[in-house]
Amino acid sequence: MDNINIRLETRLDHRIVEELTRAAFSSPDRLERSKVDCPMEHYMVHQLRKKDGIMDLNFVAEIDGKIVGHVIYSYAHILQSDGMKVAVLNFGPLSVCPQHQHKGIGSALMRYSIDKARGLGHGAILFFGHPDYYPRFGFVAASKFNITDCNGRNHPAFMAMELKPGYLANVTGRFIESEIYSDDLNREQAKEFDKEF
């Protein structure tokens, strides 16, 4: 879509973005998989802003002045066996409001934000996502870089991208992301937060 405007999120956008994110992840099958009777992603966005989110990489997509998509990045690292930490980025949730999905908004947000992250000097992005969707942006299996998830495992949904060529060439270790993404995220707090909507 040619009429997408992408810009940094502002404080005035916070509730709109949380409502959008909630709607994007509220399908019955997603809720069943989350094992909680409300979406978690809007709570994650809310919490990331307080802790590990990167405000220079927190973008909204607009059409005709209306926010229709959002992506947030956060700080993460690779913990090597010698205890050294290698800084990387994580991203997500990536959200597009239901009536605008499958129209290129998510792709536009990804390409724009990857370019901005590279321009800001970040070295690499690692995250968990759909292995049939994200390779189009340049992501590959993290196992190609000898990096595992925090539990020492690998699977197709765990992907990586170097923003600086060779940044991960001599790195091995476990990917440690913000605790906001943990399965132990306080589901009761998420339920309480969801009551505000």
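All heavy atoms count here, side chains included; hydrogens, waters and symmetry mates do not.
Val86 places none of its side-chain heavy atoms less than 4.5 Å from the side chain of Phe175. Side chains of Ile147 and Phe158 form a contact here, defined as non-hydrogen atoms less than 4.5 Å apart. The shortest distance between side-chain heavy atoms of Pro93 and Val45 falls below 4.5 Å. Side-chain contact check for Met44 versus Gln47: every heavy-atom pair is 4.5 Å or farther apart.
Between the side chains of His70 and Asn58, at least one donor-acceptor pair of N or O atoms lies under 3.5 Å.
More than 12 heavy atoms of other residues, nucleotides or ligands lie within 6.0 Å of CE in Met55, so this atom counts as buried by the packing criterion.
Residues that satisfy the side chain to side chain contact (heavy atoms under 4.5 Å, CB included) test with Leu120, not counting sequence neighbours, are Asp56, Leu57, His122. With sequence neighbours left out, the ring-ring contact (aromatic ring centres under 6.0 Å, His included) criterion links Phe127 to Phe91, Tyr134, Phe139. Residues forming a side chain to side chain contact (heavy atoms under 4.5 Å, CB included) with Ser178 (at least two apart in sequence, or on another chain): Leu48, Asp52, Ile180, Tyr181.
When ring centroids are compared, His155 and Phe128 come within the 6.0 Å threshold.
Under the 4.0 Å criterion applied to side-chain N and carboxylate O atoms, Lys144 and Glu162 are not assigned as salt-bridge partners. A salt bridge does not link Arg22 to Glu41: none of the charged side-chain nitrogens sits closer than 4.0 Å to a carboxylate oxygen.
The heavy-atom pair separating Ile4 from Ala61 by the smallest distance is CG2-CB, 4.0 Å. The heavy-atom pair separating Pro131 from Ala157 by the smallest distance is CD-CA, 4.3 Å. Considering all non-hydrogen atoms of both residues, Leu20 and Ser95 come closest at CD2-CB, 3.5 Å.
Without hydrogens or angle criteria, Asn151 side chain to Arg153 main chain gives no donor-acceptor distance under 3.5 Å. In this structure, the side chain of His77 does not engage the main chain of Leu79 through any donor-acceptor pair within 3.5 Å. Judged by distance alone, with hydrogens and angles left aside, the side-chain atoms of Ser107 form no donor-acceptor pair with the main-chain N or O of Gly104 at under 3.5 Å.
Using the six-membered ring where Trp is involved, Tyr133 and Phe137 have ring planes that are perpendicular, over 60° apart on the 30 and 60° scheme. Note: Tyr112 and Phe59 have perpendicular aromatic rings, judged against thresholds of 30 and 60 degrees for the angle between ring planes.
Residues Tyr73 and Leu168 do not share a hydrophobic cluster, clusters being chains of Ile/Leu/Val/Met/Phe/Trp/Tyr side chains in contact below 4.5 Å.
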